[in-house]
Amino acid sequence: MQLVSPFIALLGSLLALSVLQANAIPLAPEQIGIVTLPLKRIAMRQDLHPQVNLQRHINRSHRRLARMTGREEPSSELLLERLTKRKAHIDGSGSARIGYAGAKLGLAKGPPEVSTNAQEKPAANQANVFAVGQDGNDGFSSVDAQALADNTLTPANTPTDSDSLGLDIEENDVGYIATVQMGTPPRDFKLLMDSGSADLWVGAEGCVSASGGDCGNHVFLGSQSSSSFVDTQKSFQVTYGTGAVAGDIITDNLAFAGLQLPGHVFGVATEESLDFSSDQTTFDGLMGLAQSLLSQQQTPTPVEALASAGLIKEAITSYKISRLADEKNDGEVTFGGLDTSKFDQTTLATLPNVNTQGFWEGALDDVSVNGQDLGLQGRTAILDTGTTLMIAPPADAAAIHQQIPGSQSDGQGGFTVPCTNNATVTLTFGGQNFDIDPRDIAFSPIDPNDPTGDCASGISSGEQNGANEWLVGDVFLKNAYFSTDVGRNTIQLAKLV
């Protein structure tokens with residue numbers, strides 16, 4: 001299914017936008033600090049075979065990494081060919097759907113305008129295909145399997161800090177969502193937290209889906225629902241690794257765990273691709289938390305606006321991303337500082353941000369498997385909460401999997417590992433070693449009926465031989481406390497407690 005033609009035309013060029021500043025209510029000095037939101041996990045759709053879902057994740061990651069590193073993106077035709085090839089290798093593939101239209105596959109025509117990627121989910125109604133295995137290293141977690149089948153958010157617990165917001169978990173650790181309040185009267189909006197983009201948007205009242213019809217069962221913002229809503233008469237558009245939105249730049253009130261940010265400038269999407277408009281999409285919009293120089297709306301990110309207004313100490317965003325299989329649901333995103341209760345302070349590593357486009361990229365010192373140094377020095381890693389997998393240059397990905405017993409290449413840029421994998425992959429940043437839990441490497445079962453058989457690996461090959469950049473998503477970030485600092489242009493990582 002094609003995007004509606006006005007939307008395609010709109011995606012052809014960007015409008016020059018004026019930088020609009022947010023007005024905020026300053027706090028007394030003793031009140032200024034940090035604010036933390038719980039994070040929820042997103043659930044995957046189950047009308048797609050796990051291998052098709054894997055290829056979609058790989059496609060999105062390849063397209064995203066190409067944009068982030070200034071390389072030519074894989075064509076839509078090539079991405080579709082890879083999906084088709086993956087489907088052809090699935091036993092009984094007649095029952096496995098590749099997915100929705102080209103836009104759903106991340107195949108929108110024309111060059112994307114921004115290096116971002118919303119996380120998607122395959123749909124429900126296949127709970128019975130997941131055999132229940134033991135948790136941990138005895139096979140793919142039954143908790144993860146149920147989350148795949150349920151297609152729901154796993155709510156975060158109440159944050160330990162009153163100034164915190166939890167991160168709800170999407171699916172089996174596919175993406176993470178926080179709830180903020182918008183408008184007058186304030187209403188809750190669920191937003192995907194994305195450190196790899198820099199625009200905030202939610203659906204507009206009267207939003208139209210590119211596939212036809214409205215924008216689904218979501219919460220929308222506009223003058224009918226908010227008396228403080230003001231349309232600036234300026235437009236924006238953002239194209240992600242898969243999916244796209246276009247709409248109006250507006251001002252309205254935001255609230256973060258009690259901190260008020262009136263008149264903040266952000267976007268409402270009047271048109272959304274099916275990635276966002278589908279009823280199965282469990283979030284209402286997206287909050288980009290890269291540096292604002294990446295913003296297509298040419299506006300400060302919420303964390304920058306909070307700091308400029310004196311509502312938080314500094315433009316720092318910190319993430320504690322939870323793992324569903326642990327059943328703790330303690331994910332949080334913190335604005336203004338670091339929550340020292342979440343990490344071992346003696347392990348805190350500070351890295352200069354080496355990226356000049358607005359992404360968060362630091363030097364990757366070393367990579368090892370089960371303590372075996374792979375000699376992969378001179379690499380850098382773009383750290384991105386909006387990416388599910390890890391994408392490494394082909395030779396690097398192959399070197400890692402050669403050290404994982406039972407691992408095999410799938411011949412299409414991906415790898416398989418035993419679902420009972422016990423191998424520990426370690427990334428070294430700033431002299432600190434960060435182990436990846438073996439359960440995170442076993443991303444999803446190849447055969448949904450066999451959770452102790454082979455699993456798709458959470459580490460895949462990139463497009464460029466000889467490249468030194470990695471794209472490091474939630475497969476790794478679940479294993480570290482991750483913080484970004486706009487003012488100092490630095491990244492910090494620490495071991496979790």
Side-chain angles (χ1 to χ4, degrees), residues 50-51 53-66 68-69 82 86 117 119 137 140 144 172-174 196 241 321 323 325 364-377 379-429 433-446 454-465 467-480 482 493:
Q51 284 294 285
N53 181 54
L54 172 68
Q55 188 62 50
R56 285 153 59 87
H57 280 295
I58 293 173
N59 282 355
R60 290 194 295 270
S61 299
H62 284 179
R63 176 165 272 175
R64 185 159 187 152
L65 181 58
M68 288 176 167
T69 57
R82 290 173 179 170
R86 179 78 66 174
N117 179 20
Q119 299 299 302
N137 294 333
F140 190 69
D144 284 326
N172 62 326
D173 307 333
V174 167
I321 294 178
R323 180 183 296 104
L364 175 58
D365 299 338
D366 207 352
V367 183
S368 62
V369 180
N370 290 333
Q372 177 66 44
D373 187 345
L374 302 183
L376 303 180
Q377 288 80 32
R379 273 60 171 176
T380 61
I382 299 172
L383 301 173
D384 181 12
T385 63
T387 290
T388 301
L389 304 177
M390 289 172 53
I391 303 297
D396 293 359
I400 291 171
H401 287 93
Q402 284 172 5
Q403 298 299 318
I404 299 178
S407 174
Q408 298 182 61
S409 169
D410 65 10
Q412 300 178 72
F415 296 85
T416 62
V417 298
C419 293
T420 54
N421 169 54
N422 286 302
T424 299
V425 178
T426 302
L427 305 188
T428 303
F429 292 96
N433 295 331
F434 296 92
D435 294 342
I436 301 175
D437 191 304
R439 294 173 295 171
D440 299 328
I441 301 299
F443 177 67
S444 64
I446 300 299
D454 285 335
C455 274
S457 174
I459 303 174
S460 294
S461 294
E463 293 284 328
Q464 300 291 330
N465 282 302
N468 292 323
E469 301 93 353
W470 289 39
L471 177 58
V472 175
D474 299 331
V475 165
F476 169 78
L477 293 173
K478 285 179 286 185
N479 297 276
F482 169 43
L493 293 165

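Closest approach of Leu389 and Ser61 over heavy atoms only: CB-OG, 4.5 Å. The two residues Pro418 and Ala442 make their nearest non-hydrogen contact at O-CB, 4.2 Å. Nearest heavy-atom pair across Pro445 and Cys419 is CA-SG, 4.2 Å. Across all non-hydrogen atoms, the minimal contact from Pro438 to Thr424 is CG-OG1, 4.0 Å. Heavy atoms only, all atoms of each residue included: Val472 and Ala381 are closest at CG2-CB, 3.7 Å. Nearest heavy atoms, Phe415 versus Ser461: CE1-OG, 3.4 Å.
Put simply, the side chain of Gln403 does not reach to within 4.5 Å of the side chain of Asn370, judged on heavy atoms. Looking only at side-chain heavy atoms (C-beta outward), Val367 and Asp396 stay at 4.5 Å or farther from each other.
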Quick one: do Phe429 and Phe476 satisfy ring-ring contact (aromatic ring centres under 6.0 Å, His included)? Show the steps, please.
CA-CA 12 Å; Phe429 292 96; Phe476 169 78; 5.6 Å; yes
Would you sort out whether Leu364 and Thr380 count as a side-chain contact (heavy atoms from CB on, under 4.5 Å), showing the intermediate values?
CA-CA 5 Å; Leu364 175 58; Thr380 61; 5.8 Å; no
Evaluate side-chain contact (heavy atoms from CB on, under 4.5 Å) for Met390 paired with Leu427, printing each intermediate quantity in order.
CA-CA 12 Å; Met390 289 172 53; Leu427 305 188; 3.9 Å; yes
Audit row: Asn433, Thr428, side chain to side chain donor-acceptor pair (under 3.5 Å) steps and yes/no
CA-CA 4 Å; Asn433 295 331; Thr428 303; 2.6 Å; yes
The test is salt bridge (charged side-chain N to carboxylate O under 4.0 Å, His left out); show your working for Lys478 and Asp437 and say whether it passes.
CA-CA 9 Å; Lys478 285 179 286 185; Asp437 191 304; over 6 Å; no
Which is it for Ser368 and Asp373 under the side chain to side chain donor-acceptor pair (under 3.5 Å) test, yes or no, and what are the steps along the way?
CA-CA 4 Å; Ser368 62; Asp373 187 345; over 6 Å; no
Could you please spell out the steps behind the side chain to side chain donor-acceptor pair (under 3.5 Å) verdict for Gln377 and Asp365?
CA-CA 6 Å; Gln377 288 80 32; Asp365 299 338; over 6 Å; no
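The distance from atom CD1 of Ile441 to atom NE2 of His401, rounded to the nearest 0.5 Å, is 7.0 Å. Atom CG of Asp454 sits about 11.0 Å away from atom CG of Asp410, to the nearest 0.5 Å. Rounded to the nearest 0.5 angstrom, Ile382 CD1 and Leu471 CG are separated by 6.0 Å. With rounding to the nearest 0.5 angstrom, the CG atom of Asp474 is 4.5 Å from the CD1 atom of Ile321. Summarising the geometry, atom CD belonging to Gln412 is positioned 6.0 Å from atom CD belonging to Gln55; distances are rounded to the nearest 0.5 Å. The CD1 atom of Ile58 sits 6.0 Å away from the CD1 atom of Ile391 when rounded to the nearest 0.5 Å.
Between the Ser457 side chain and the Thr416 main chain, no donor and acceptor come within less than 3.5 Å of each other.
Evaluated for a side-chain contact (heavy atoms from CB on, under 4.5 Å) with Ile404, the options Asn422, Ile459, Val417 yield exactly one hit, Val417.
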